[in-house]
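Just below is one structure, and these are the notes that go with it.
Convention: sequence-line order gives letters A, B, ...; per-chain numbering from 1.
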2 protein chains.
Amino acid sequence: MLLCKKCIFARKVSAHFMEDSHKLDHSECQNRIRPVKEALAFLSGKWKLPIILSLWLGNKRFSEISKEVNGITDRMLSKELRDLEINGFVKRVIHDSYPVVVEYILTDYGKTLKPVIDALGEWGASYHSRPANGSKRASHPDTE
Amino acid sequence: MLLCKKCIFARKVSAHFMEDSHKLDHSECQNRIRPVKEALAFLSGKWKLPIILSLWLGNKRFSEISKEVNGITDRMLSKELRDLEINGFVKRVIHDSYPVVVEYILTDYGKTLKPVIDALGEWGASYHSRPANGSKRASHPDTE
DNA sequence: CAGGATCCTTGAGGATACTG
DNA sequence: CAGTATCCTCAAGGATCCTG
């Protein structure tokens, strides 16, 4: 489970919550949260996922991504692609032809996102179909 | 897979679906992006995950969460808890004792986040150690 | 075509003070 | 103790124009 012994005993939770938690100390417990937050921080931008999924289908040029990821501006696409490249998710391939053609491809590392995206997608679907309390929605359902 | 069946069948790409199929009309695939984005949108706040992880072990009072989730202000905790409650992740239990005690517990629905958090955590860990840097700002690494 | 440079908007999140 | 009410900051993202 996700918290450490200290956190557990602080509340005297029942044993079935513990699982392997007793192996963790408090700092480990925090270290467990950090990667999750790091992953979220990187993915939670508005465009990273759409771009990655767009590239999942194959190599794309700037203008193609621009068309596929609807609503993105050139500036944002440029920034996000650079960010994705810097972090090793996409590779930039420059063809020195008459009009310069730049292709972007997903790296193998980028493809390691699959389980994450799958988990998010599955949960997102069930989350989406659940009309919580009827009060309000946390996220705006946009129809693209 | 990340491609919708429609996209796959449209080109009969089966296992090799992502190679040269970037001309696919994958508007259907947008429907796969949305749940992912919804999930991310909900989770990507600064405090939802820490709060949820704090509650993972059992009931907590406001002040306990406040102490465990480092750095959060009362205002943010109040807002986030309300948001989590509205969306069915957390249940608010008011004990009419003296002094009034309010406990928050994770609902079963909230616990469905486990695969998501697990996936994010695992990937986040590898993401953290894999690229040339940990932060978003960095110099260009080598071409892979 | 493939972006970069500038400036601007917006809203998530923070600080502080107050209350039942 | 368990929150609200105001006000404020700051950075993600957007609009627009420019260029090799």
Side-chain angles (χ1 to χ4, degrees), chain A residues 10-11 37-38 40-52 54-55 59-87 90-105 135-140 142 144, chain B residues 22 37-38 40-52 54-55 59-87 90-105 135-137 139-140:
Chain A
R11 284 296 293 172
K37 287 170 73 176
E38 299 253 344
L40 274 172
F42 186 76
L43 290 176
S44 68
K46 192 169 176 182
W47 302 113
K48 291 236 173 32
L49 244 315
I51 291 172
I52 287 171
S54 171
L55 289 174
N59 308 356
K60 295 271 170 54
R61 280 147 57 187
F62 190 90
S63 51
E64 289 177 307
I65 305 174
S66 178
K67 267 178 281 184
E68 284 197 9
V69 179
N70 228 327
I72 195 169
T73 62
D74 285 352
R75 173 184 173 277
M76 288 314 294
L77 182 52
S78 172
K79 278 178 58 177
E80 300 285 20
L81 282 173
R82 196 182 323 131
D83 202 15
L84 288 167
E85 186 199 359
I86 285 172
N87 284 278
V90 306
K91 189 176 169 188
R92 204 160 169 270
V93 181
I94 307 175
H95 301 276
D96 248 355
S97 41
Y98 6 87
V100 157
V101 168
V102 181
E103 268 193 336
Y104 294 89
I105 72 177
S135 282
K136 126 186 193 215
R137 300 292 308 183
S139 46
H140 23 270
D142 48 8
E144 293 184 17
Chain B
H22 55 68
K37 287 170 71 178
E38 300 253 341
L40 275 172
F42 187 77
L43 289 177
S44 68
K46 192 170 176 181
W47 302 113
K48 293 240 172 33
L49 243 322
I51 292 172
I52 287 172
S54 170
L55 288 175
N59 312 355
K60 295 268 170 56
R61 294 194 279 276
F62 190 91
S63 51
E64 289 178 306
I65 306 173
S66 178
K67 267 177 280 186
E68 282 198 9
V69 179
N70 223 326
I72 195 169
T73 62
D74 286 351
R75 173 184 171 293
M76 288 312 295
L77 182 52
S78 172
K79 278 177 58 176
E80 299 286 19
L81 281 174
R82 198 182 320 129
D83 201 14
L84 287 167
E85 187 198 359
I86 286 173
N87 284 277
V90 159
K91 190 173 165 192
R92 201 161 172 268
V93 182
I94 306 175
H95 299 277
D96 250 355
S97 56
Y98 172 84
V100 79
V101 166
V102 181
E103 271 192 333
Y104 293 89
I105 73 175
S135 67
K136 291 173 134 188
R137 283 294 122 209
S139 53
H140 283 69

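- The distance between atom NZ of Lys79(B) and atom P of dA12(C), rounded to the nearest whole Å, is 7 Å.
- Leu77(A) places its CG atom 17 Å from the C1' atom of dA5(C), with the value rounded to the nearest Å.
- Rounded to whole angstrom, the span from the CG atom of Leu49(B) across to the P atom of dG13(C) amounts to 12 Å.
- Side-chain N or O atoms of Ser66(B) include none that pairs as donor or acceptor with a backbone N or O of Phe62(B) at under 3.5 Å.
- Atoms CG and CD, on Leu43(A) and Glu38(A) in that order, are 11.5 Å from each other to the nearest 0.5 Å.
- In this entry the distance linking CD of Glu85(A) with C1' of dG3(C) reads 13 Å, nearest Å.
- What separates CD of Glu80(A) from P of dG3(C) is a distance of 14 Å, to the nearest Å.
- Residue side chain Arg75(B) reaches the base of dG14(C) through a donor-acceptor N/O pair under 3.5 Å, judged by distance alone.
- Separating the CG atom of Asp74(A) from the C1' atom of dC1(C) is a distance of 10 Å, rounded to the nearest angstrom.
- Between dA2(C) and Tyr98(A), no contact under 4.0 Å exists linking OP1 or OP2 to a side-chain N or O.
- For the pair Arg82(B) and dT4(D), the criterion of a side-chain N or O lying under 4.0 Å from OP1 or OP2 is met.
- Within the 4.0 Å cut-off from OP1 or OP2 of dG14(D), at least one side-chain nitrogen or oxygen of Lys46(A) is found.
- Residue Ser63(B) places at least one side-chain N or O closer than 4.0 Å to OP1 or OP2 of dA2(D).
- Put simply, the side chain of Asp83(B) never gets that close to the backbone of Lys79(B): no donor and acceptor are under 3.5 Å apart.
- Phosphate proximity of dT4(D) to Ser78(B): present, with a side-chain N or O under 4.0 Å from OP1 or OP2.
- Looking at heavy-atom distances under 4.0 Å, Arg61(A) makes contact with sugar-phosphate atoms alone, never a base.
- Side chains of Arg61(A) and Tyr104(A): a donor-acceptor N/O pair is absent below 3.5 angstrom, by distance only.
- Along DNA chain C, the nucleotide nearest Pro99(A) and the nucleotide nearest Trp47(B) are compared for position; the residue whose nucleotide lies closer to the 5' end is Pro99(A).
- Atom-to-atom, CG of Asp83(B) to P of dA12(C) comes out at 10 Å; the value is rounded to the nearest Å.
- Separating the CG atom of Asn70(A) from the P atom of dG13(D) is a distance of 17 Å, rounded to the nearest angstrom.
- With dG3(D), dG13(C), dA2(C) as the choices, the nucleotide that has an atom nearest any side-chain atom of Val102(A) turns out to be dA2(C).
- Taking 4.5 Å as the limit, some side-chain heavy atom of Leu40(B) sits within range of a side-chain heavy atom of Leu40(A).
- Of the two residues contacting DNA chain D, namely Met76(A) and Val100(A), the nearest-nucleotide position lying further toward the 5' end is that of Met76(A).
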